[in-house]
Amino acid sequence: MHLPTEGQEERTAQSPRVSVAVPLYNEESNVEELVRRVTLVLDALPGGPHELVLVDDGSIDGTRRLMEQASARDARIVSVFLSRNFGHQPALSAALDHVRGEVVVLMDGDLQDRPEEIPRFVEKFREGNDVVYAKRERRKESMWLRAAYWTYYRMLARVSNISFPLDAGDFGLMSRRVVDEIRRIPERNRYLRGLRVWAGFRQVGVSVERDARYSGESKYSFWRLVALGLDGVFSFSIVPIRAATLLGMGAMGLTLLFVLYAIYARVALDRSPQGFTALLVVIAFVSGVLLFFLGVIGEYVGRIYEEVRGRPIYVVERVVRGDGE
Ligand code: UDP
Ligand code: MG
């Protein structure tokens with residue numbers, strides 16, 4: 001499809017320096033296993049020096065201590081501590097601001113994303129791709145959650161103004177130039193898997209299995225998951241506003257028809273329409289629709305407010321680099 005440019009040919013020969021970036025929020029039961037498996041993979045990867053960037057998102061359990069120990073033990077492990085819990089997507093942004101590799105792999109800290117997939121991603125990168133994202137083939141989550149994810153990604157792909165790949169999460173590899181483009185985006189509302197598509201370049205999906213959590217519980221409550229889902233829709237689509245326009249137009253059309261009928265009934269049949277119940281139903285329905293779309297507009301207004309305030313996305317308390325930098 002694309003002819004390789006000079007830069008891409010050059011890339012085939014080299015072994016890039018890989019940064020693996022992981023956000024952690026109260027993951028004390030996963031940190032050690034995570035570090036063990038990731039460093040094993042990095043040991044076997046040609047090139048380097050590779051690094052593992054752990055971002056603590058304001059954990060209140062033993063996660064911070066374990067991270068410090070890991071950084072002290074292994075010079076390749078960088079620990080970034082945020083000043084409080086900012087959320088998964090802000091923590092990922094913090095990670096992107098601290099990585100130094102030529103390619104960056106984002107993954108979760110609960111080992112749902114298998115570190116052993118990283119060499120496959122790097123291989124795809126060397127073939128000339130700038131983004132290699134994991135397509136989640138088989139999820140090991142509850143059935144209703146899987147169904148919700150399935151529906152959501154298909155709906156998002158339809159309404160958004162960029163072409164979203166289906167079933168792709170944050171797990172994946174990005175080249176340095178993609179990371180730099182994403183870092184240039186000033187949006188506070190960071191839906192990274194969307195911004196990654198937005199950045200463009202050559203993107204390719206790799207099928208992976210999504211494991212169950214190694215240990216601990218999901219940090220996404222139902223409502224946080226819904227909020228993340230809404231972020232995806234509202235950040236990449238104005239279809240909800242258009243829906244209001246269309247619905248309004250439809251209602252006006254129907255009303256016009258009804259008015260014509262009412263005049264006809266009065267003049268030709270000498271009958272005026274009546275019905276208290278019908279009236280009540282129509283009023284209640286229309287107020288519901290109005291309130292609903294007021295809410296939709298409110299979502300956008302709230303997001304505009306967040307953007308113009310321009311607060312930083314996260315605050316760093318401390319960075320520990322194993323090599324003493
Ligand atoms: N996470 C985070 N901050 C949060 C919530 C989650 O850094 O406020 C991290 C969490 O530690 C994990 C990753 O984001 O490494 C994904 O979270 P989780 O596994 O809970 O989400 P799920 O896989 O259930 O969608
Ligand atoms: Mg998880």
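The figures that follow rest on heavy atoms only: side chains count, while hydrogens, waters and symmetry mates do not. When a ligand or atom number is given, it counts from 1 through the structure's own listing order.
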Answer yes if the ring centres of Y300 and Y305 are under 6.0 angstrom apart, and no otherwise.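 No, too far apart.
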Which residue pairs satisfy the salt bridge (Lys or Arg N to Asp or Glu O under 4.0 Å) criterion with at least one member in residues 224-252, sequence neighbours excluded?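 Only D231-R303 qualify under salt bridge (Lys or Arg N to Asp or Glu O under 4.0 Å).
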Going by the salt bridge (Lys or Arg N to Asp or Glu O under 4.0 Å) test, which pairs reach into residues 33-53, not counting sequence neighbours?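 Matches after skipping sequence neighbours: E33-R36, R37-E116, D43-R76, E51-R100.
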For ligand 1, which is the ligand I care about here, please tell me if A91 has any N or O atom under 3.5 Å from one of the ligand's N or O atoms.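 No - when backbone and side-chain N and O of A91 are compared with those of ligand 1, no distance drops under 3.5 Å.
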What atoms of ligand 1 come closer than 4.0 angstrom to any heavy atom of [X]?
X	answer
G109	12 (C), 15 (O)
Q112	19 (O), 22 (P), 23 (O)
R224	4 (C), 8 (O)
E27	10 (C), 11 (O), 12 (C), 15 (O)
L24	7 (O), 11 (O)

Kindly compute the distance separating CG (L106) from CG (D170), expressed to the nearest 0.5 Å.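 Separation between the atoms: 6.5 Å.
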Under 3.5 Å, is there a donor on one side chain and an acceptor on the other for Y314 and R190?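 Result is no, nothing qualifies.
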Could you see which bit of N85 sits under 4.0 Å from ligand 1, with heavy atoms only: side chain, backbone, both or neither?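 Within the 4.0 Å criterion, N85 contacts ligand 1 through side-chain atoms alone.
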Answer side chain, backbone, both or neither: which part of H88 comes under 4.0 Å from ligand 1, heavy atoms only.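 It is both backbone and side chain that touch ligand 1.
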Nearest heavy atom to atom 3 (N) of ligand 1: which of L225, L54, D57, N30 does it belong to?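 Heavy atom nearest to atom 3 (N) of ligand 1 belongs to D57.
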Basic-acidic side-chain contact under 4.0 Å: R177, E102: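 Salt bridge flag = no for E102 with R177.
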Establish, for the pair R266 and Y264, whether the NZ or CZ atom is under 6.0 angstrom from the six-membered ring centre and no further than 45 degrees off its axis.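 Judged by the rule, R266 and Y264 form no cation-pi pair.
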Suppose we only allow N, O or S atoms; which atom of D110 ends up nearest to the Mg ion (ligand 2)?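 That would be atom OD2.
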